[in-house]
Enquirer: 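Structure provided below as structure tokens; questions to follow.
Numbered from 1 within each chain, the chains take letters A, B, ... in sequence-line order.
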Number of protein chains: 2
Amino acid sequence: MIQPRPRTIPEATVARLAVYLRVLSTLADGGRSTVSSGELATAAGVNPAGLRKDLSHLGPCGVRGVGYEVDTLRDRIGRVLGVERSRPCVLVGIGNLGSALADYAGFGSRGFEFVGLFDASPARIGQRIGGQAVRPIDELEAVVTATQASIGVITTPGAVAQAVCDRLAAAGVRSILNFAPVTLATPDGVDVRKVDLSVELQVLAFLGQQRLAPAIGEPA
Amino acid sequence: MIQPRPRTIPEATVARLAVYLRVLSTLADGGRSTVSSGELATAAGVNPAGLRKDLSHLGPCGVRGVGYEVDTLRDRIGRVLGVERSRPCVLVGIGNLGSALADYAGFGSRGFEFVGLFDASPARIGQRIGGQAVRPIDELEAVVTATQASIGVITTPGAVAQAVCDRLAAAGVRSILNFAPVTLATPDGVDVRKVDLSVELQVLAFLGQQRLAPAIGEPA
DNA sequence: AACCGCTTGTGAACGCAGGAACAAAGTCGC
DNA sequence: GCGACTTTGTTCCTGCGTTCACAAGCGGTT
């Protein structure tokens, strides 16, 4: 009757839950039945206290003095993240990166299924990738409607990414993963996550050069 | 004489500076000479005040009442991020994703150059990608030493990622970009950034399902 | 030359995530 | 059956990042 579990789980926690889920799967494959928060935290690269706090969002799911049951915890996290049901995704832009993603087996095992691969180039249409044929971009709306795809992945050149994004949003896609090097504008109710590989490299480069700087800048 | 500029720029700010840099390049190509913080912020998808605070880490570089000079600001950010000098990178794991990255032209224009592509599979060795031949993994240490590569990119299967990471760190690589779905352990002084595509999708999926939940969970 | 509008740069408050410390609770040994 | 140990779940606190709001400064105009 009571609803003590707040509906809102911080986004940072959700991201870590996905990591825990993967570690737990590895442990389960290894035959482990229980884990302590300390061990899980080490494997996931986080602080033990933070891990327990993350897990507390799911309600009590450990045994004091023992730890967490691997199978139970894995199922619980999986249920919260919604891994049990397969989610249809569409992928637009079948270049090198798009092909790699379409062919990546890791998505299927985590509940994501590509139900449509689209490209504008006639040269790529009909090509088979990951057991699926590339379709012309014109069929995008029809496929989204027919499959009720809720997630769209954009791996097009930056110049057309916004146009693709607009079409996806208009067709009913509400979550977009953007690999194109542009910032997308979307209507309310549509989530965008951006993966920018150049930015990642530049941050790394800056941190690397900054690591040497203090020795020079601080003569005292 | 004074050193009012603190050497430490927040990591979140560095990531946004890279985004601003790209927007500024686009504006410069379009012939624009000045921009206001509001316009830049809109294009970058951030808050105008936050953008100004980010830029304040570089010292005063705008003109009140007018805005920022596009070329000047672009050069300034580029200098802080260290874009002017090319940075040698090595890439380990030439599968679909690795091939896509090796072939991506966007890196070269931003100061990153792959000086070595490595794989363990004999079938891939010698294959030419992006004008470069794939080398056997045994040559990793020699190439890192010879080229002074400071950045390593890991696109191997998860099972061997830690071993590759150890070898990179031992060879002197101090910045690692990890695409493998595992959490890497590294010695102090080595930075790791992780890009986990499955986690991104799972966060999107969770946000999407959470968007519908409140309407059900709150009957009042 | 003085005024006015516009934009930057900065100071302060708010909210959130992360980390450390502590109490509750369950198990193992005697 | 009882005590001590281990580990969870929670609470407090500190620090960072973000946002709002205002004063300072520059250009254009009269």
Side-chain angles (χ1 to χ4, degrees), chain A residues 2 4-20 24 27 32-70 72-74 76-77 80 183 199 203 207 210, chain B residues 2 4-20 24 27 32-70 72-74 76-77 80 183 199 203 207 210:
Chain A
I2 58 173
R5 198 60 43 215
R7 292 229 159 268
T8 57
I9 298 182
E11 193 168 316
T13 293
V14 174
R16 284 190 295 265
L17 285 178
V19 175
Y20 306 154
L24 287 168
L27 288 173
R32 284 292 294 276
S33 59
T34 60
V35 225
S36 69
S37 65
E39 195 176 356
L40 241 184
T42 301
V46 300
N47 186 293
L51 181 139
R52 292 200 295 273
K53 185 175 293 190
D54 286 340
L55 262 40
S56 73
H57 286 105
L58 319 177
C61 45
V63 180
R64 297 175 190 236
V66 178
Y68 299 92
E69 199 176 345
V70 173
T72 306
L73 186 57
R74 184 187 52 175
R76 176 92 67 111
I77 295 177
V80 170
T183 302
V199 168
V203 172
L207 294 179
Q210 199 182 39
Chain B
I2 57 174
R5 196 63 43 220
R7 292 229 159 269
T8 57
I9 299 182
E11 192 168 317
T13 294
V14 174
R16 283 189 295 265
L17 285 177
V19 176
Y20 306 155
L24 287 168
L27 288 173
R32 284 289 296 275
S33 59
T34 60
V35 224
S36 69
S37 65
E39 194 177 356
L40 242 184
T42 301
V46 300
N47 185 293
L51 182 139
R52 291 199 296 272
K53 182 160 288 194
D54 286 340
L55 294 182
S56 74
H57 287 105
L58 318 177
C61 45
V63 180
R64 299 177 189 235
V66 178
Y68 300 92
E69 198 176 346
V70 173
T72 306
L73 186 56
R74 183 187 52 175
R76 176 93 65 112
I77 295 178
V80 169
T183 303
V199 168
V203 172
L207 294 178
Q210 199 181 38

Enquirer: With rounding to the nearest 0.5 angstrom, report the SG to CD1 distance, B:Cys61 to B:Ile77.
Expert: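 CD1 of B:Ile77 is found 7.0 Å from SG of B:Cys61.
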Enquirer: Can you check whether B:Arg52 has a side-chain N or O nearer than 4.0 Å to OP1 or OP2 of D:dC22?
Expert: no
Enquirer: Reading DNA chain D from 5' onward, which residue's closest nucleotide shows up sooner: B:Val46 or A:Leu55?
Expert: A:Leu55
Enquirer: Rounding to an integer number of Å, can you tell me how far A:Ile9 CD1 sits from C:dA17 P?
Expert: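 That distance rounds to 12 Å.
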Enquirer: Any side-chain to backbone donor/acceptor pair from A:Arg16 onto A:Leu51? Under 3.5 Å, distance only.
Expert: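 No: the side chain of A:Arg16 does not pair with the backbone of A:Leu51.
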Enquirer: Check whether any side-chain nitrogen or oxygen of B:Tyr68 sits under 4.0 Å from OP1 or OP2 of D:dC26, and answer yes or no.
Expert: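 No, B:Tyr68 has no side-chain N/O under 4.0 Å of OP1/OP2 on D:dC26.
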Enquirer: Quick check on DNA chain C: between B:Gly65 and A:Ala12, whose nearest nucleotide comes earlier from the 5' end?
Expert: B:Gly65
Enquirer: If I take atom CD in residue B:Glu11 and atom P in nucleotide C:dG18, what distance separates them, rounded to the nearest angstrom?
Expert: 13 Å
Enquirer: Compare every heavy atom of B:Val199 with every heavy atom of A:Ala15, then report the nearest pair and how far apart it is.
Expert: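 For A:Ala15 versus B:Val199, the nearest heavy atoms are O-CG1, 3.8 Å.
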Enquirer: Tell me: CZ of A:Arg76 to C1' of D:dT8, nearest whole Å?
Expert: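 Taking atom C1' of D:dT8 as the reference, CZ of A:Arg76 is at 14 Å.
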Enquirer: Considering every strand and a 4.0 Å limit on heavy-atom distances, what is the contact class for A:Gly67: base, sugar-phosphate, or nothing?
Expert: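 Sugar-phosphate, backbone atoms only, no base.
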Enquirer: Mind calculating the distance between CG (A:Leu73) and P (D:dT7) to the nearest angstrom?
Expert: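 Answer to the nearest Å: 16 Å.
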Enquirer: Can you figure out which of C:dG19, D:dT19, C:dT8 approaches the side chain of B:Arg64 most closely?
Expert: C:dT8
Enquirer: Between D:dC26 atom C1' and B:Glu69 atom CD, what is the distance in whole Å?
Expert: 15 Å
Enquirer: Please tell me if A:Ser56 has a side-chain N or O lying less than 4.0 Å from either OP1 or OP2 of D:dG9.
Expert: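 Negative; the distance criterion is not met.
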Enquirer: Counting N and O atoms only, with roles assigned by atom type, does the side chain of B:Thr42 sit under 3.5 Å from a partner on the main chain of B:Gly38, one being a donor and the other an acceptor?
Expert: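 A pair under 3.5 Å: yes.
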Enquirer: D:dT7, OP1 or OP2 - any side-chain N/O from A:Ser37 closer than 4.0 Å?
Expert: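 No, outside the criterion.
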Enquirer: Rounded to whole angstrom units, what separation is found between the CG atom of A:Leu51 and the P atom of C:dG19?
Expert: 12 Å
Enquirer: Do B:Val63 and B:Thr34 touch side chain to side chain, with heavy atoms closer than 4.5 Å?
Expert: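 No, too far: nothing below the 4.5 Å cut-off.
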Enquirer: Compare the minimum distances between each of C:dA20, D:dT8, D:dG9 and the side chain of A:Asn47, then state the nucleotide with the smallest one.
Expert: C:dA20
Enquirer: Between B:Leu40 (CG) and C:dG9 (P), how many Å, whole number?
Expert: 12 Å
Enquirer: Rounded to whole angstroms, how far apart are CD on B:Glu39 and P on C:dT8?
Expert: 10 Å
Enquirer: Donor-acceptor pair under 3.5 Å: do we get one between B:Lys53's side chain and the base of D:dG17?
Expert: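 Counting by modelled atom types and ignoring angles, no donor-acceptor contact under 3.5 Å is found here.
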